[in-house]
Every structure is written in C-alpha cells, then in structure tokens.
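Report on the structure given below.
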Amino acid sequence: MAAQMHNPPHPGEVLRMLCLEPLSLSVTDAAKALGVSRKTLCAVLNGRAGIGPEMAVRLSIAFDTSAESWLNQQVQYDLWLAEKRRRLRRVTRIAA
C-alpha cells in the first residue's frame with residue numbers, strides 16, 4: 001500500500017499565494033503576461049482547471065520557475081484526489 005498523502009494544495013492556490021500576491025499582480029495583468037484569457041487563469045486559480053504542459057511552460061517563463069515543478073504539483077494534487085476515491089473503484093486485484 002502506498003504511503004498516505006496529505007492534502008496538497010491545488011497548484012492554482014500556490015500560483016496565487018507565491019506568485020501573484022507577492023507581486024501584487026491582478027488576475028487581468030497576470031493573464032495578459034501569460035498570454036491567456038482572464039477566464040482561463042481564473043479557472044486555474046480557483047481550482048476548476050488544472051495546469052497542463054502548455055500552462056506549465058508559460059508559468060515557468062513568466063515566474064522563472066521550472067515547468068516540471070508546476071506539472072509535479074498538478075500530478076500530486078490529481079493523485080491525491082484519485083486516492084481519496086480509491087474505495088469507490090470496482091477493480092479486481094490481478095497480481096498477488
């Protein structure tokens with residue numbers, strides 16, 4: 001059995017707290033700098049959309065971070081959500 005994961009923050013929350021707020025960036029200004037719509041960025045910031053490879057690259061350029069770090073955050077969050085629903089899955093063990 002895998003080690004229990006703690007509730008990781010959605011990467012949009014990290015983006016807001018560690019990138020936008022310290023720089024006093026509005027969502028509109030950040031979206032413009034990233035080359036995405038305000039609606040797209042709001043969806044990420046509010047946890048309604050994930051960070052994919054394209055957004056990860058945009059964030060890495062804008063905030064001098066690595067695209068991998070953004071994707072890793074998203075994978076950790078997605079895996080945590082999937083593990084929370086583990087018991088609901090109807091899967092039969094094949095290997096011992």
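The two residues A56 and L71 come nearest to each other via the heavy atoms CB-CG, 3.7 Å. Taking both residues in full, the closest heavy atoms of Y77 and P8 are given as CD1-O, 3.4 Å, listed atom of the first, atom of the second, then distance. Smallest separation of non-hydrogen atoms from L41 and A31: CD2-N, 3.5 Å. Contact detail for S69 and S66: the closest heavy-atom pair is OG-O, 2.7 Å. Of all non-hydrogen atoms in T65 and L59, the two that sit nearest each other are OG1-O, 3.6 Å.
More than 12 non-hydrogen atoms from other residues, nucleotides or ligands lie less than 6.0 angstrom from CG of L88.
Between H10 and L45 there is no side-chain heavy-atom pair separated by less than 4.5 Å.
For residues 18-45, no pair satisfies salt bridge (charged side-chain N to carboxylate O under 4.0 Å, His left out), with sequence neighbours left out. Sorted by first and then second residue, the salt bridge (charged side-chain N to carboxylate O under 4.0 Å, His left out) pairs involving residues 45-64 (not counting sequence neighbours) are E54-R58.
For the 3.5 Å distance criterion, the side chains of S60 and W70 fail to qualify, holding no donor opposite an acceptor.
Taken from CD in Q73 to CD in E68, the straight-line distance is 12.0 Å, to the nearest 0.5 Å. In this structure, OG on S26 lies 8.0 Å from CG on L20, to the nearest 0.5 angstrom. The distance from atom CG of L81 to atom CZ of R86, rounded to the nearest 0.5 Å, is 14.0 Å. Taken to the nearest 0.5 Å, the CG atom of L15 stands 6.0 Å off from the CD1 atom of I51.
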Item to check | Derivation of the side chain to side chain contact (heavy atoms under 4.5 Å, CB included) call for L25 and F63 | outcome: CA-CA 12 Å; L25 270 176; F63 297 107; 4.1 Å; yes
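In summary, E13 and R16 do not engage in a salt bridge, as defined by a charged side-chain N under 4.0 Å from a carboxylate O.
Hydrophobic clustering keeps L23 apart from I61 (ILVMFWY residues linked when any side-chain heavy atoms are closer than 4.5 Å, directly or through intermediates). No continuous path of ILVMFWY side-chain contacts below 4.5 Å connects V44 to V57, so the two sit in separate hydrophobic clusters.
For Q74, the side-chain hydrogen bond (donor to acceptor under 3.5 Å, both in side chains) partners at least two apart in sequence or on another chain are D78.
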